Number of protein chains: 2
Amino acid sequence: MAGIGAGAGGRSGARPGSGPGPASRVTGANLLALRSHNAALLLDLLRRAGRMGISRLELAERTGLTPQAVSKITARLRDDGMVTEAGRQASTGGKPRTVLRLVPEAGHAVGLHLDRDELRVVLVDLTGAVAGERRAALDLGAGAEAVLGAVVAEIGEVVAGSAAGRSGAVPGPDAAARTAVLGVGVAMPGPLDHTHGVLHRVTGFPEWDGFPLRDELARRLGVPVVLDKDTNAAALGLAVGGEVGAFAYLHLGTGLGAGLVLGGAVHRGARTGAGEFGHQVIQLDGPPCSCGNRGCVEALCLAAVARGDVDEAARVLGEGAANLVWLLDIDLILLGGRTVAAEPERFVRGVGAALDAHAQRAGAGSPVPVRVASGEARAVAEGAAQLLLAPLFGRAEA
Amino acid sequence: MAGIGAGAGGRSGARPGSGPGPASRVTGANLLALRSHNAALLLDLLRRAGRMGISRLELAERTGLTPQAVSKITARLRDDGMVTEAGRQASTGGKPRTVLRLVPEAGHAVGLHLDRDELRVVLVDLTGAVAGERRAALDLGAGAEAVLGAVVAEIGEVVAGSAAGRSGAVPGPDAAARTAVLGVGVAMPGPLDHTHGVLHRVTGFPEWDGFPLRDELARRLGVPVVLDKDTNAAALGLAVGGEVGAFAYLHLGTGLGAGLVLGGAVHRGARTGAGEFGHQVIQLDGPPCSCGNRGCVEALCLAAVARGDVDEAARVLGEGAANLVWLLDIDLILLGGRTVAAEPERFVRGVGAALDAHAQRAGAGSPVPVRVASGEARAVAEGAAQLLLAPLFGRAEA
DNA sequence: TGCACTTTGGCAACAGCGTTGCTTAAGTGG
DNA sequence: CCACTTAAGCAACGCTGTTGCCAAAGTGCA
């Protein structure tokens with residue numbers, strides 16, 4: 001559980017790995033925490049309602065708060081410029097409900113996707129819509145100084161090009177605050193430690209081992225920075241983008257990894273190690289894998305792809321996915337990555353067939369659906385930006 | 001996550017599967033919720049402190065609440081008879097701290113373990129200590145009426161024999177309330193639905209399919225009832241009993257199942273299906289399993305046990321456990337069940353060896369420890385009782 | 001033995017949360 | 001035009017944890 005946060009303001013975002021807390025450090029709640037909890041709850045519902053908006057009374061019904069409480073809270077949010085009135089609904093015999101809408105420009109976040117050979121930066125608004133984007137080639141082997149320099153430069157370009165330009169177009173009380181960048185979310189291939197923002201053993205680039213990327217970037221940029229694995233960021237983006245329940249995002253590219261969303265939150269584990277789906281053994285004493293073990297899903301799956309046997313690759317992937325579905329009672333499997341994008345239908349069909357077979361044997365109800373994840377190319381960068389937006393909407397651990 | 005509960009009192013425990021809530025229904029928080037959240041937090045720390053007790057100031061430090069707030073809350077808890085002063089600590093140069101302790105007799109809960117051929121009832125106090133116990137043979141095939149009759153009778157015996165007798169021994173303000181039974185937790189082999197308290201396809205006993213066990217028992221007993229899988233109850237009991245972090249309890253008896261504790265809470269999934277560890281495929285196209293599939297861990301493991309090859313059984317179990325550790329970033333593996341109990345050292349050694357091999361290959365830090373779970377025979381029944389105590393201590397979803 | 005000092009923990013006043021009771025605003029329908 | 005319905009704000013309220021202050025209960029040195 002998460003619980004409702006500590007007393008601190010709540011808008012700050014990232015906080016340094018604090019406290020000696022053994023295991024789960026649950027904190028007491030005061031009135032400030034209560035206030036920000038409820039505000040975040042309403043903001044989350046407003047975000048989900050999107051451009052359509054939502055009325056005060058529906059907010060009250062969905063949260064269990066009294067209509068008067070919703071009025072008070074939304075009034076504060078309006079004063080802060082985060083919410084605005086936007087028309088009315090049709091009357092049902094009395095005064096029509098006023099529709100409230102999130103103000104997208106009330107805040108922005110930067111998402112950075114660092115891949116082995118490429119860098120992608122997006123600037124998104126509160127609703128997650130992309131307001132600016134840049135791509136650049138990248139060589140992780142060029143060293144920290146060169147890479148960080150490029151990253152800072154690209155981020156500066158995107159922010160300057162979009163937020164500043166838009167600042168004039170949206171006048172109003174404190175226009176500067178409205179375009180404020182809440183911070184930067186960084187997503188990259190593991191292994192890494194999201195709680196301390198430190199890299200571990202970046203494959204093929206020993207110089208990055210133990211590099212405190214989060215703190216270093218935060219120092220150079222002067223805004224909060226959050227670090228996470230690429231698959232976790234993608235999963236978070238999908239969860240925010242509307243996918244509900246517990247699901248797994250399986251990413252098949254040059255490797256095979258997963259992002260897990262359980263109970264509405266990304267499950268990372270204490271060492272950000274969760275989601276190591278590819279090195280699940282599904283064939284005891286099978287063919288050797290690059291990890292040193294034998295019979296890993298990744299090895300079997302990629303070997304089949306290399307042979308051109310997509311159906312077998314999909315079947316193997318499906319068997320691994322079935323193990324995961326049974327172990328965690330997952331509602332949905334989403335597929336992504338370059339290899340899947342090359343033959344989406346065959347992968348969906350093959351994985352789905354394996355899952356259906358499992359479900360039928362067990363006599364379980366409806367089989368678990370399989371789909372291709374949306375927004376492939378920018379998904380990780382957009383999800384990275386959500387690492388910063390999530391706390392605003394009450395997803396402290398999401 | 002969990003969040004802080006809805007406005008309702010908080011002491012009631014089970015609530016019927018309410019609301020049309022799509023996915024996670026997060027509710028707003030009011031002052032009542034805040035109050036019970038903080039009270040539960042303190043009670044949880046007091047429970048962990050056990051017989052040793054804990055001072056007000058340490059409670060304040062650990063929760064982040066002000067000392068004055070802790071004083072107010074603990075004063076309420078003392079008025080309710082749940083907490084008492086118990087001596088003082090050594091002075092550090094000023095007034096010594098007063099030690100507070102949970103009053104074990106302030107509440108009791110019944111735990112019921114329904115197995116295929118046996119029934120076990122325990123009565124535990126607030127600290128989880130067993131205050132009464134009964135065992136009886138059981139035939140699930142005898143039909144609902146006979147089974148429920150036996151269950152109600154056995155529970156009545158345990159409660160009458162322990163709580164009532166103790167009621168006189170602990171005089172004080174409203175002694176009746178102090179021995180109040182909060183409710184009954186029921187644990188049994190799956191599949192079942194813990195949110196609705198309904199059974200599904202009890203293996204070999206089709207008559208129980210769809211039986212609303214929770215509501216039927218609640219009706220006959222007149223107290224709240226909570227239903228869960230036996231492995232989940234055992235895992236909950238272990239979590240309360242002091243195991244920390246994320247862990248998996250692997251139960252190897254006539255079958256192979258698991259209870260997962262992630263982020264301090266039992267992970268059940270939407271359909272109580274999580275923990276299906278035994279039918280994880282680790283040998284594609286391997287030997288057939290009773291479930292209709294091929295190469296399941298359960299089939300391989302139990303076949304090895306039947307051959308008398310315990311080392312191979314442990315190795316197979318370890319490979320399955322390694323998959324789980326990697327997928328979820330688990331901190332600890334606990335083993336239990338009759339088959340493990342017969343040769344505990346060899347299982348621990350074999351499973352540990354498989355996990356160590358994985359950890360070494362990946363260059364991960366310290367390997368994941370493997371231990372035998374404590375309190376074998378009564379563990380499930382005691383965990384079942386915790387299903388009712390958990391909400392008192394702020395583990396609504398635990 | 002007495003006095004200065006430290007630390008604990010309760011009392012009283014307070015700001016701020018959601019709630020309740022009531023009033024005003026803004027529609028529909030006969 | 002008026003009765004009725006529904007939405008939403010104002011004011012008073014109860015209750016939360018917080019703050020400022022003070023009594024209680026120890027230690028330790030003169």
Side-chain angles (χ1 to χ4, degrees), chain A residues 3-10 27-42 53-80 83-100, chain B residues 3-10 26-42 53-79 83-100:
Chain A
I4 97 180
T27 68
N30 54 21
L31 289 169
L32 244 103
L34 186 119
R35 171 184 175 148
S36 66
H37 171 86
N38 284 341
L41 210 60
L42 293 188
I54 183 171
S55 69
R56 287 177 181 83
L57 280 163
E58 192 174 346
L59 288 171
E61 285 166 24
R62 301 260 288 246
T63 56
L65 294 169
T66 58
Q68 182 61 25
V70 171
S71 274
K72 278 194 178 180
I73 296 167
T74 54
R76 283 199 301 261
L77 294 174
R78 273 196 323 174
D79 287 346
D80 292 349
V83 168
T84 187
E85 297 195 345
R88 329 202 127 163
Q89 291 182 347
S91 166
T92 60
K95 177 175 176 178
R97 302 181 174 186
T98 311
V99 173
L100 298 176
Chain B
I4 98 181
V26 189
T27 68
N30 54 21
L31 288 171
L32 244 103
L34 184 117
R35 170 185 177 147
S36 65
H37 171 85
N38 284 340
L41 211 60
L42 293 188
I54 185 171
S55 70
R56 288 179 179 81
L57 280 163
E58 192 176 344
L59 287 171
E61 284 166 24
R62 301 259 290 246
T63 56
L65 295 169
T66 59
Q68 183 59 22
V70 171
S71 275
K72 279 192 177 182
I73 297 168
T74 54
R76 284 200 300 261
L77 294 174
R78 274 196 321 171
D79 287 346
V83 168
T84 187
E85 297 195 345
R88 330 201 126 163
Q89 291 182 348
S91 166
T92 61
K95 176 174 176 179
R97 301 181 175 185
T98 311
V99 173
L100 299 176

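Letters A, B, ... mirror the listed sequences (proteins, then strands); counts begin at 1. Note that this is a predicted model, so its numbers are computed, not measured. Note that these values count all heavy atoms, side chains included, but never hydrogens, waters or copies made by symmetry.
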I'd like to know if the side chain of A:N38 reaches the main chain of B:A29, judged simply by a donor and an acceptor atom lying under 3.5 Å from each other, with no hydrogens or angles considered.
yes
Check whether any side-chain nitrogen or oxygen of A:N38 sits under 4.0 Å from OP1 or OP2 of C:dG18, and answer yes or no.
yes
B:T74 vs B:L42 side-chain heavy atoms within contact, under 4.5 Å:
yes
Looking only at heavy atoms, the pair that brings B:V99 and B:G53 closest together is CG1-CA, 3.6 Å
Tabulate protein N/O versus nucleotide N/O from nucleotides 8-11 of chain C, keeping only pairs under 3.5 Å, one per line.
{"unit_1": "C:dT8", "atom_1": "OP1", "unit_2": "B:R97", "atom_2": "NE", "d": "2.6"}
{"unit_1": "C:dT8", "atom_1": "OP1", "unit_2": "B:R97", "atom_2": "NH2", "d": "3.0"}
{"unit_1": "C:dG9", "atom_1": "OP1", "unit_2": "B:T98", "atom_2": "N", "d": "2.7"}
{"unit_1": "C:dG9", "atom_1": "OP1", "unit_2": "B:T98", "atom_2": "OG1", "d": "2.7"}
{"unit_1": "C:dG10", "atom_1": "OP1", "unit_2": "B:R56", "atom_2": "NH2", "d": "3.3"}
{"unit_1": "C:dG10", "atom_1": "OP2", "unit_2": "B:S71", "atom_2": "OG", "d": "2.6"}
{"unit_1": "C:dG10", "atom_1": "N7", "unit_2": "B:Q68", "atom_2": "OE1", "d": "3.0"}
{"unit_1": "C:dC11", "atom_1": "N4", "unit_2": "B:Q68", "atom_2": "OE1", "d": "3.1"}
{"unit_1": "C:dC11", "atom_1": "N4", "unit_2": "B:Q68", "atom_2": "NE2", "d": "3.1"}

Take atom CZ of A:R76 and atom P of C:dG16, then tell me their distance rounded to the nearest Å.
11 Å
Output for pair (B:E61 CD, B:I54 CD1), nearest 0.5 Å, gives 9.0 Å
Send over the distance from B:L32 CG to C:dG18 C1', rounded to a whole Å.
11 Å
Note: chain B reaches DNA chain D at heavy-atom distances under 4.0 Å over the stretch, first to last nt, 5' to 3', of D:dG14 to D:dT27
Mind listing the side-chain donor-acceptor pairs of residues 85-97 of chain A below 3.5 Å, one per line with the distance, residues two or more places apart or on another chain?
{"unit_1": "A:E85", "atom_1": "OE2", "unit_2": "A:R56", "atom_2": "NH2", "d": "3.0"}
{"unit_1": "A:E85", "atom_1": "OE2", "unit_2": "A:R78", "atom_2": "NH1", "d": "3.0"}
{"unit_1": "A:S91", "atom_1": "OG", "unit_2": "A:G93", "atom_2": "N", "d": "3.0"}
{"unit_1": "A:S91", "atom_1": "OG", "unit_2": "A:G94", "atom_2": "N", "d": "3.2"}
{"unit_1": "A:S91", "atom_1": "OG", "unit_2": "A:G94", "atom_2": "O", "d": "2.6"}

Using the closest heavy atom to pick a nucleotide of DNA chain C for each, name whichever of A:R35 or A:R88 lands nearer the 5' end.
A:R35
From CG (B:N30) to OG (B:S36), nearest 0.5 Å
8.5 Å
Does a side-chain heavy-atom distance below 4.5 Å link B:L31 with A:L31?
yes
Step-by-step side-chain contact (heavy atoms from CB on, under 4.5 Å) determination, B:I73 to B:L59:
CA-CA 11 Å; B:I73 297 168; B:L59 287 171; over 6 Å; no
CG of A:N30 versus C1' of C:dC17: gap in Å, rounded?
11 Å
